[in-house]
Amino acid sequence: MSNSIESTLVETRVFPPPEGFVKQANISGRAAYQALLTQADDDPDAFWGQMAREHLHWTRPFTQVLDESNAPFYRWFGDGELNVSANCLEANIERGLGDKEALIFEADNGDVTRVTYQALYEKVCQIANGFKQMGYQAGDRVIIYLPMSVEAVAVMQACARLGLIHSVVFGGFSSKALQERIIDVGATLVVTADEQVRGGKNLPLKSAVDEAIAMGGCEAVKHVVVYKRTGGNVIWHEKRDIWLQDLMKDQATSCAPVAVNAEHPLFILYTSGSTGKPKGVQHSSGGYLLWAKLTMQWTFDAKPDDVFWCTADVGWVTGHTYITYGPLAAGMTQIVFEGVPTYPNAGRFWQMIERHKVTVFYTAPTAIRSLIKAAETNAQFHPKSFDLTSLRLLGSVGEPINPEAWMWYHINVGGERCPVVDTWWQTETGGHMLTPLPGVTPLKPGSCTTRLPGIAAAIVDETGADVAAGNGGFLVIKRPWPSMIRNIWGDPERFKKSYFPEELRGYYLAGDGAQCDADDCFWIMGRIDDVLNVSGHRLGTMEVESALVSHELVAEAAVVGRPDATTGEAVVAFVVLKGATPEGEQATLIAKQLRDWVAKEIGPIAKPKEIRFGDNLPKTRSGKIMRRLLRVVAKGEAVTQDVSTLENPAILDQLTKAV
Ligand code: PRX
């Protein structure tokens with residue numbers, strides 16, 4: 001928490017919510033928002049209790065809303081019982097939506113599969129019955145390593161139906177990362193696919209599971225269930241492996257949902273922190289689902305005729321809350337997309353919006369920025385070449401959206417008529433925290449604007465005191481909220497230390513620097529810890545450093561972020577080898593070797609964009625690496641700071657030249 005936060009606010013444009021939108025919005029007009037805000041601030045217990053009773057089906061009603069007796073291990077609706085999957089499936093079928101399309105799946109090659117709520121219910125039940133027959137019960141942990149598919153959503157829902165705790169690992173993570181998660185979570189079941197298909201290529205998944213298990217430590221895994229996606233070659237372990245299709249074949253199409261305590265963990269999702277070891281963020285069943293559903297209705301203004309499309313992967317929290325749980329709890333029709341935005345060409349997103357008449361579209365700034373480039377160089381891929389008039393609302397998530405990209409999105413995709421909701425939240429928060437409400441909030445490009453009702457977000461200094469409007473500080477949330485992280489799996493001490501540092505008076509520390517302007521609009525300024533955001537993916541610099549130093553050639557490494565026009569941030573690594581510092585072609589060769597190594601250790605998303613070799617790293621006399629200076633060097637700027645505390649100032653010169 002040492003980095004100081006400087007003010008960078010320059011944007012002044014404001015876009016009031018379009019009148020037509022305001023008229024029909026679920027939360028319409030400033031007064032309606034203010035009323036909810038006041039109600040939630042004045043009597044949080046009454047507010048949350050009412051929301052939870054109105055929006056969820058409880059098999060056993062709760063009598064206590066919030067239990068703070070063991071803070072920060074808060075319990076919400078702690079004596080209530082419910083089933084998350086029944087809230088997403090039966091709840092909709094019972095209100096007559098059985099024949100409504102729940103999922104419209106578009107495969108990488110453009111093939112479309114439509115799944116109604118009734119059909120999804122039956123599929124989920126068959127999978128759940130299969131898991132049950134294999135002996136899995138509530139509380140068991142399941143690792144899911146699946147491509148974007150109907151099956152991925154159904155397997156997550158099947159886990160929820162039985163109270164199995166899932167932990168989804170993004171298909172782009174390596175077998176090593178997979179092994180670490182299998183061990184940490186203590187998984188007994190792994191669900192994967194033979195291969196995944198992305199951008200016209202078949203990529204193996206099952207073999208990574210085989211490799212992960214072969215690395216050792218995964219002896220608790222009893223079964224590997226394999227969804228046959230492509231029919232590609234796999235090595236089969238007779239006693240352990242079973243095809244998902246075979247498991248489902250003779251199963252009944254109904255399966256009684258297991259009622260669990262509201263605090264029962266629904267899932268654990270690993271995310272990067274400031275140490276080398278990813279954190280298993282543990283979420284609850286009741287509070288999490290409440291917020292997933294409410295934010296669909298508030299932020300995305302969910303309506304019965306909407307076609308919602310969140311382009312995230314279920315391997316990230318966005319795919320959990322705004323694909324698997326939120327849209328289904330809200331009874332929406334949504335698109336699930338297997339592929340990538342640039343295949344078969346950079347018009348794919350726009351073509352899919354036109355084809356499926358998408359009304360609410362939610363994507364990441366990185367995707368927008370990369371598509372801007374393509375559109376501006378080839379009119380064929382420009383949104384203007386497609387009929388996007390079905391759109392009524394746009395969303396952005398995962399990283400700050402720069403005002404230029406915001407304007408382009410607003411004008412070219414939204415036709416200047418769609419509000420843009422820039423949603424700030426985190427794996428730990430479970431759902432949106434700061435976001436415009438599309439029928440209320442005047443939009444400011446680059447600002448995630450205001451706090452949602454019930455979310456006590458504020459900017460404070462290092463003592464926890466409020467800072468004045470317009471000043472930078474730490475973004476905190478002062479009061480607990482239902483969808484908050486409950487624990488770090490297996491590490492309650494780290495949970496307390498990371499998120500509730502003593503000096504901050506028990507506030508939740510988000511780890512972002514931000515400021516709040518005079519209109520109560522928040523501007524996110526970036527992480528205050530050693531976490532990078534590359535293409536909207538969180539990456540710990542220590543994780544990449546650990547991967548690098550585990551290579552036999554490497555003596556020492558320091559990793560920093562550098563601003564990047566497309567990916568937001570890019571990974572730059574400064575490396576000291578055990579042998580002589582390489583130059584020229586040799587440096588290129590070793591750099592490639594190290595990049596591949598990082599891909600193998602973590603995943604391709606963690607590959608350094610640039611590696612610079614030096615005889616040493618800039619260190620203070622006490623041996624501390626001066627990352628602050630490395631950030632300047634990585635940007636290609638001249639070091640103007642005082643370097644008198646450095647043991648070896650000459651090293652900066654070497655690293656600057658070592659491009
Ligand atoms: O730094 C913030 C940034 O992404 C971090 C959370 O990353 P993750 O847990 O992977 O969740 C991403 C999807 C919710 C935050 O600490 N971030 C996320 N959304 C925004 C953002 N930064 C600026 N504006 C946003 N809208």
Side-chain angles (χ1 to χ4, degrees), residues 3 5 8-9 11 168 170 172-173 267-274 278-283 288 291-292 295 299 310-323 326 362-369 394-403 405-406 409 420-436 441 443-452 457 474-477 483-485 488 498-499 508-516 521-540 543 561 563 567-569 605-606:
N3 308 33
I5 307 294
T8 52
L9 182 56
E11 184 58 43
V168 183
F170 174 57
F173 276 122
F267 66 86
I268 296 156
L269 184 59
Y270 285 83
T271 190
S272 297
S274 47
K279 310 187 258 201
V281 173
Q282 179 186 323
H283 276 288
Y288 171 81
W291 198 234
T295 48
T299 314
C310 163
T311 67
D313 190 288
V314 291
W316 310 108
V317 74
T318 309
H320 281 60
T321 308
Y322 299 110
I323 295 177
Y362 190 37
T363 196
T366 290
I368 300 168
R369 287 192 295 262
L394 301 176
S396 170
V397 60
E399 46 181 324
I401 179 163
N402 45 311
W406 193 102
Y409 194 34
V420 177
V421 289
D422 174 4
T423 61
W424 176 89
W425 58 296
Q426 310 175 291
T427 305
E428 293 86 344
T429 68
H432 305 154
M433 299 281 103
L434 302 172
T435 172
T441 320
L443 306 172
K444 299 184 185 182
S447 167
C448 55
T449 72
T450 52
R451 61 193 185 97
L452 282 173
F474 303 121
L475 175 55
V476 298
I477 300 172
S483 68
M484 69 194 296
I485 176 177
I488 292 178
S498 309
Y499 301 114
Y508 167 83
L509 176 68
D512 279 344
Q515 58 172 300
C516 184
C521 284
F522 287 81
W523 299 78
I524 304 296
M525 285 137 63
R527 299 284 308 188
I528 54 167
D529 53 12
D530 296 319
V531 171
L532 306 183
N533 193 323
V534 180
S535 301
H537 299 147
R538 231 164 107 167
L539 203 60
E543 258 173 275
T567 59
E569 270 185 300
I605 48 170

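Counting starts at 1 for both ligands and their atoms, following the listed order. It should be emphasised that the depicted structure is a prediction, and the values quoted were computed from it without experimental measurement.
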Ligand 1: which protein N/O atoms lie under 3.5 Å from its N/O atoms?
unit_1	atom_1	unit_2	atom_2	d
ligand 1	1 (O)	Asp512	OD1	2.8
ligand 1	1 (O)	Asp512	OD2	3.1
ligand 1	4 (O)	Gly398	O	3.3
ligand 1	4 (O)	Asn533	ND2	3.4
ligand 1	9 (O)	Thr427	N	2.8
ligand 1	9 (O)	Thr427	OG1	2.6
ligand 1	9 (O)	Arg538	NH1	2.8
ligand 1	16 (O)	Gln426	NE2	3.0
ligand 1	16 (O)	Asp512	OD1	3.2
ligand 1	16 (O)	Asp512	OD2	2.9
ligand 1	16 (O)	Arg527	NH1	2.8
ligand 1	17 (N)	Gly398	O	3.4
ligand 1	19 (N)	Gly398	N	3.2
ligand 1	22 (N)	Pro400	N	3.4
ligand 1	24 (N)	Glu399	O	3.4
ligand 1	26 (N)	Asp422	OD1	2.8
ligand 1	26 (N)	Thr423	O	2.7

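Of the listed residues (Pro400, Ser447, Pro445), just one forms a side chain to side chain contact (heavy atoms under 4.5 Å, CB included) with Trp406, and that residue is Pro445.
Heavy-atom minimum distance, Pro365 versus Val397: CD-O, 3.2 Å.
Scanning for side chain to side chain donor-acceptor pair (under 3.5 Å) contacts around Thr271 gives Arg538, with sequence neighbours left out. Residues that satisfy the side chain to side chain donor-acceptor pair (under 3.5 Å) test with Ser272, not counting sequence neighbours, are Glu543. Residues meeting the side chain to side chain donor-acceptor pair (under 3.5 Å) test with Gln282, sequence neighbours left out: none.
Ring geometry for Tyr288 against Phe267 counts as perpendicular: the plane angle is over 60°, on a 0 to 90° scale with 30° as the lower cut.
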